[in-house]
**Q** 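Below is a structure I'd like to ask you about.
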Amino acid sequence: MKGKRTDMGNVQCGIARALQVVGDWWSLLIVREAFKGRRRFSEFQRGLGLARNILSARLRKLVEEGIFTVEPDPESALSHLYLLTPKGHQLSVALVALWQWGEEHCFVPGELNYAIVDSRKGQPLPKLQLAAQDGQLLGPREFRIVAKDR
């Protein structure tokens with residue numbers, strides 16, 4: 001069947017399990033919109049240009065997975081607010097990493113008209129880097145995935 005996905009819910013891999021929750025592009029773009037301050041269905045739809053049925057399905061899944069909560073909209077009895085949970089806020093690191101990777105590898109210099117900046121000082125964020133327990137920066141060949149001791 002076209003579009004059927006393999007269930008990764010029991011795979012022993014943090015990446016696979018994370019992709020089970022937020023693995024389609026619309027879900028991460030909805031979370032991005034929330035970081036931009038969007039909270040209402042109509043705001044997400046306007047920001048993404050996404051069909052209502054797809055947006056509704058993705059928001060429902062993100063709520064079920066604990067990425068968003070739904071609260072009544074104090075300004076309208078007919079709408080709800082979709083608010084990031086602490087679990088949803090933790091996606092900021094993954095989104096910044098994806099942004100920085102995309103900025104470096106998917107645009108020609110000068111093409112990208114947006115930047116992620118420190119909201120306090122307006123300065124661009126430094127490139128995210130991996131660090132060892134002692135603070136030493138690690139390159140891509142200086143870490144590995146191993147089984148945990150039980």
**Q** Under a single-linkage definition using a 4.5 Å side-chain heavy-atom cutoff for Ile, Leu, Val, Met, Phe, Trp and Tyr, are V96 and L29 assigned to the same hydrophobic cluster?
**A**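 No, because V96 and L29 fall into different hydrophobic clusters, even though each may have its own neighbours under 4.5 Å.
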**Q** Do you know which two heavy atoms are closest between C106 and W101, and how far apart they sit?
**A**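 So the minimum-distance heavy-atom pair works out to SG-CZ3, 3.7 Å.
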**Q** Distance-only, no hydrogens or angles: does the E111 side chain make a donor-acceptor pair with backbone N or O of V108 under 3.5 Å?
**A**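 Present.
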**Q** Show, in sequence, the C-alpha distance, side-chain angles and deciding distance for L83 and F68, and conclude whether the side-chain contact (heavy atoms from CB on, under 4.5 Å) test is met.
**A** CA-CA 5 Å; L83 306 174; F68 283 97; 5.6 Å; no
**Q** Kindly assign one of parallel, tilted or perpendicular to the pair Y82 and F41, based on the angle between their ring planes and the thresholds 30° and 60°.
**A**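 It falls in the tilted class, 30° to 60°.
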**Q** Measure the shortest side-chain to side-chain distance between P124 and D118 over non-hydrogen atoms and say whether it is less than 4.5 angstrom.
**A**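 In short, these two side chains do not touch, never coming nearer than 4.5 Å.
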**Q** Does E43 come within less than 4.0 Å of R38, counting only side-chain N to carboxylate O?
**A**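 No.
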**Q** Rounded at 0.5 Å granularity, tell me how far CH2 in W99 sits from CG in L125.
**A**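 Reported to 0.5 Å precision, the distance equals 10.5 Å.
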**Q** Taking S76 for its side chain and D73 for its backbone only, find out whether a donor-acceptor pair lies under 3.5 Å.
**A**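 A pair under 3.5 Å: no.
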**Q** Which heavy atom of R58 sits nearest to which heavy atom of W26, and what is that distance?
**A**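 Distance-wise, the nearest heavy atoms are CG-CB, 4.1 Å.
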**Q** Kindly compute the distance separating CG (L55) from CZ (F44), expressed to the nearest 0.5 Å.
**A**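 Here the interatomic distance stands at 7.5 Å.
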**Q** Is the shortest heavy-atom distance from the side chain of L95 to the side chain of V31 under 4.5 Å?
**A**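 Sidechains of V31 and L95: in contact.
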**Q** Does any part of the side chain of L128, heavy atoms only, come nearer than 4.5 Å to the side chain of V93, both counted from C-beta?
**A**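 Result yes, sub-4.5 Å side-chain heavy-atom pair found.
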**Q** Working to the nearest 0.5 Å, report the span between CG of L59 and CG of L50.
**A**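 Nearest 0.5 Å value for the CG-CG distance: 8.5 Å.
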**Q** How about CD1 on I145, more than 12 heavy atoms from neighbouring residues, nucleotides or ligands closer than 6.0 Å, or not?
**A**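 Atom CD1 in I145 is not packed in, count stays at 12 or less.
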**Q** Is the side chain of T85 donor-acceptor paired with the backbone N or O of I67 at a distance under 3.5 Å, no angle test?
**A**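 Between the backbone of I67 and the side chain of T85 there is a qualifying donor-acceptor contact (under 3.5 Å).
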**Q** Hydrophobic cluster membership, with links at side-chain heavy-atom distances under 4.5 Å among I/L/V/M/F/W/Y: are V117 and Y114 in one?
**A**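 As far as the 4.5 Å side-chain criterion goes, Y114 and V117 are not connected within one cluster.
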**Q** Roughly how far, to the nearest 0.5 Å, is the CG atom of L98 from the CG atom of L91?
**A**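 It comes to 10.0 Å.
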**Q** Does D134 have more than 12 heavy atoms from other residues, nucleotides or ligands lying within 6.0 Å of its CG?
**A**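 Correct, the count exceeds 12.
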**Q** Look at atom NZ of K87 and say whether more than 12 heavy atoms of other residues, nucleotides or ligands are closer to it than 6.0 Å.
**A**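 Result for NZ/K87: enclosed.
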**Q** Please say yes or no: joined through hydrophobic side-chain contacts below 4.5 Å, possibly via intermediate residues, are I54 and V22 part of one cluster?
**A**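 Cluster IDs for I54 and V22 match.
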**Q** Working to the nearest 0.5 Å, report the span between CD of Q123 and CD1 of I116.
**A**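 Going from CD on Q123 over to CD1 on I116, the span is 15.0 Å.
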**Q** So, for L137 and E142, which heavy atoms are closest and what is the spacing to 0.1 Å?
**A**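 For L137 and E142, the tightest heavy-atom pair comes out as O-OE1, 4.0 Å.
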**Q** Between S27 and D24, is a side chain to side chain donor-acceptor pair (under 3.5 Å) present by the stated rule, with each step listed?
**A** CA-CA 6 Å; S27 293; D24 70 84; 2.9 Å; yes
**Q** Please answer whether the main-chain N or O of G47 pairs with a side-chain N or O of K36 as donor and acceptor at a distance below 3.5 Å.
**A**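 Side chain of K36 to backbone of G47: no pair is present.
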**Q** Drop me the distance from R39's CZ to E33's CD, to the nearest 0.5 angstrom.
**A**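 The CZ atom of R39 sits 14.5 Å away from the CD atom of E33.
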**Q** Does the pair R60/E64 count as a salt bridge with the N-to-O cut at 4.0 Å?
**A**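 A salt bridge is absent here (no side-chain N lies under 4.0 Å from a carboxylate O).
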**Q** When you look at L28 and R32, which way does the side-chain contact (heavy atoms from CB on, under 4.5 Å) test go after all the steps?
**A** CA-CA 6 Å; L28 285 176; R32 179 204 64 193; over 6 Å; no
**Q** Determine whether a donor-acceptor pair (N or O, by modelled atom type, separation under 3.5 Å) exists between the side chain of Q45 and the backbone of S42.
**A**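 Not at all, since once roles are kept as given, no pair shorter than 3.5 Å links the two residues.
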